[in-house]
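Heads up, the thing below is written out as structure tokens.
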Amino acid sequence: MIPESQLEKLNTEIIACRKCPRLVEWREEVARVKRKAYKDQEYWGKPVPGFGDPRARVLVVGLAPGAHGSNRTGRNFTGDASGGFLYPALHRAGFANQALAESRSDGLILKDMYITASGRCAPPDNKPSPEELNNCQPYLEREIEILKPKVIVCLGRIAFERILRIYSARNSTWKFGHGALYQLDSGEWILCSYHPSQQNTLTGKLTVKMFDDIWKKAKDLLNE
């Protein structure tokens, strides 16, 4: 089966998932109540599937959908401040055809990149439980199996730890840090970045240059 149809089949399963009662209740409540600024919009309110190039060599792993971002729009990092920081960087690096990411119908196309998350449902306080992340892990495992990425960019510590768990990498010297780079025995590269949340971008913990350097490094690794 070709990657496109494999990913489509997987994404259909992800969207229908109701494994975590707390998350189902929360995401649907948020979609029903809505934020005042979006009261006229129909919220997605379901698990958010992966998005991007089905033949991507770069896999980007985030944390989980934002309540009024991805949970509203149905696409990773779309319609919130994190995406407002991420997609311009991807556009500058040549991974995205545009910097704008507002809705699933905005024309955004990724090249050689697929974006996914450790958790697929918007969690209360942006904090999925370990059990909820475990429930989601098989979806991420299958995406990796289908895509066979050369470079995995982990946005944040939780994504990094989840990837190490999937690959059973127990190297005690591997620590999360912005720009940290490790190579698995199987050849894949793991590249770490701070998450482009407002908590990091507005405080200067993650600057535009720091983020641009991550995507330049990812491109360099593809050519090695």
Side-chain angles (χ1 to χ4, degrees), residues 7-8 10-20 22-53 56 58-91 95-96 98-110 113-129 132-133 135-137 139-140 143 153-159 162 193-202 206 211:
L7 288 168
E8 283 172 15
L10 174 58
N11 285 342
T12 300
E13 286 181 42
I14 290 170
I15 291 167
C17 184
R18 299 181 69 84
K19 287 179 185 173
C20 304
R22 183 182 82 114
L23 298 186
V24 171
E25 183 181 0
W26 171 253
R27 77 187 190 214
E28 292 180 356
E29 181 187 344
V30 169
R32 188 172 59 252
V33 175
K34 304 181 181 179
R35 179 174 278 174
K36 192 176 180 182
Y38 309 123
K39 67 180 188 316
D40 296 330
Q41 297 185 20
E42 184 178 344
Y43 273 55
W44 174 256
K46 298 186 282 282
V48 178
F51 158 71
D53 186 345
V58 179
L59 179 66
V60 179
V61 185
L63 172 55
H68 302 281
S70 302
N71 189 57
R72 172 173 60 89
T73 63
R75 193 177 69 194
N76 286 304
F77 290 101
T78 299
D80 61 15
S82 294
F85 196 85
L86 172 67
Y87 287 111
L90 297 183
H91 180 54
F95 286 114
Q98 62 188 42
L100 183 75
E102 290 183 340
S103 72
R104 295 194 308 284
S105 58
D106 58 17
L108 177 65
I109 298 169
L110 298 182
M113 177 175 285
Y114 196 83
I115 299 179
T116 188
S118 307
R120 310 306 168 114
C121 294
D125 302 318
N126 288 324
K127 292 179 181 174
S129 71
E132 288 161 352
L133 289 172
N135 282 343
C136 254
Q137 183 171 312
Y139 297 135
L140 182 53
E143 283 167 335
V153 180
C154 298
L155 300 180
R157 184 186 303 276
I158 288 176
R162 192 57 40 178
S193 170
Y194 291 143
H195 191 283
S197 65
Q198 285 189 302
Q199 188 179 347
N200 290 332
T201 59
L202 294 182
L206 179 62
F211 212 36

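Quantities reported herein were computed from a predicted structural model and do not represent experimental measurements. Along the sequence shown, residues carry numbers from 1.
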On a heavy-atom basis, which atom in [X] and which in [Y] lie closest, and how many Å separate them?
{"X": "Cys20", "Y": "Glu132", "answer": "SG-CG, 3.7 Å"}
{"X": "Gly83", "Y": "Pro88", "answer": "O-CD, 3.6 Å"}
{"X": "Ser193", "Y": "Leu206", "answer": "OG-CD1, 4.5 Å"}
{"X": "Cys136", "Y": "Gly119", "answer": "SG-CA, 3.8 Å"}
{"X": "Arg22", "Y": "Pro123", "answer": "NH2-CB, 4.5 Å"}
{"X": "Ala117", "Y": "Val61", "answer": "C-CG1, 4.1 Å"}

So do [Y] and [X] actually touch side chain to side chain, heavy atoms under 4.5 Å?
{"X": "Cys121", "Y": "Val24", "answer": "no"}
{"X": "Pro47", "Y": "Tyr139", "answer": "no"}
{"X": "Leu23", "Y": "Pro124", "answer": "yes"}
{"X": "Asn126", "Y": "His195", "answer": "no"}
{"X": "Phe95", "Y": "Val60", "answer": "no"}
{"X": "Asp80", "Y": "His68", "answer": "no"}
{"X": "Thr78", "Y": "Val48", "answer": "no"}
{"X": "Leu140", "Y": "Arg162", "answer": "yes"}

Sub-3.5 Å donor-acceptor pair from the side chain of [X] to the main-chain atoms of [Y], do we have one?
{"X": "Ser82", "Y": "Pro196", "result": "yes"}
{"X": "Thr116", "Y": "Gly62", "result": "no"}
{"X": "Arg104", "Y": "Thr73", "result": "yes"}
{"X": "Asp106", "Y": "Leu108", "result": "yes"}
{"X": "Arg72", "Y": "Gly79", "result": "yes"}
{"X": "Asn76", "Y": "Pro49", "result": "yes"}

**Fill in**
Quick note, side chain to side chain donor-acceptor pair (under 3.5 Å) partners involving residues 25-37, not counting sequence neighbours, are Arg18-Glu28

[X] [atom1] to [Y] [atom2] distance, which is reported to the nearest 0.5 Å:
{"X": "Ile109", "Y": "Gln98", "atom1": "CD1", "atom2": "CD", "value": "8.0 Å"}
{"X": "Leu59", "Y": "Asp53", "atom1": "CG", "atom2": "CG", "value": "12.0 Å"}
{"X": "Leu100", "Y": "Glu102", "atom1": "CG", "atom2": "CD", "value": "4.0 Å"}
{"X": "Ile14", "Y": "Lys46", "atom1": "CD1", "atom2": "NZ", "value": "13.5 Å"}
{"X": "Arg157", "Y": "Leu63", "atom1": "CZ", "atom2": "CG", "value": "12.5 Å"}
{"X": "Ile158", "Y": "Leu133", "atom1": "CD1", "atom2": "CG", "value": "6.5 Å"}

**Request:** Using the six-membered ring wherever Trp is involved, compare the ring planes of Phe85 and Phe211 and label them parallel, tilted or perpendicular (cut-offs 30° and 60°).
**Result:** tilted

**Request:** Return the orientation label for the Tyr87 and Phe77 ring planes: parallel under 30°, perpendicular over 60°, tilted otherwise.
**Result:** perpendicular

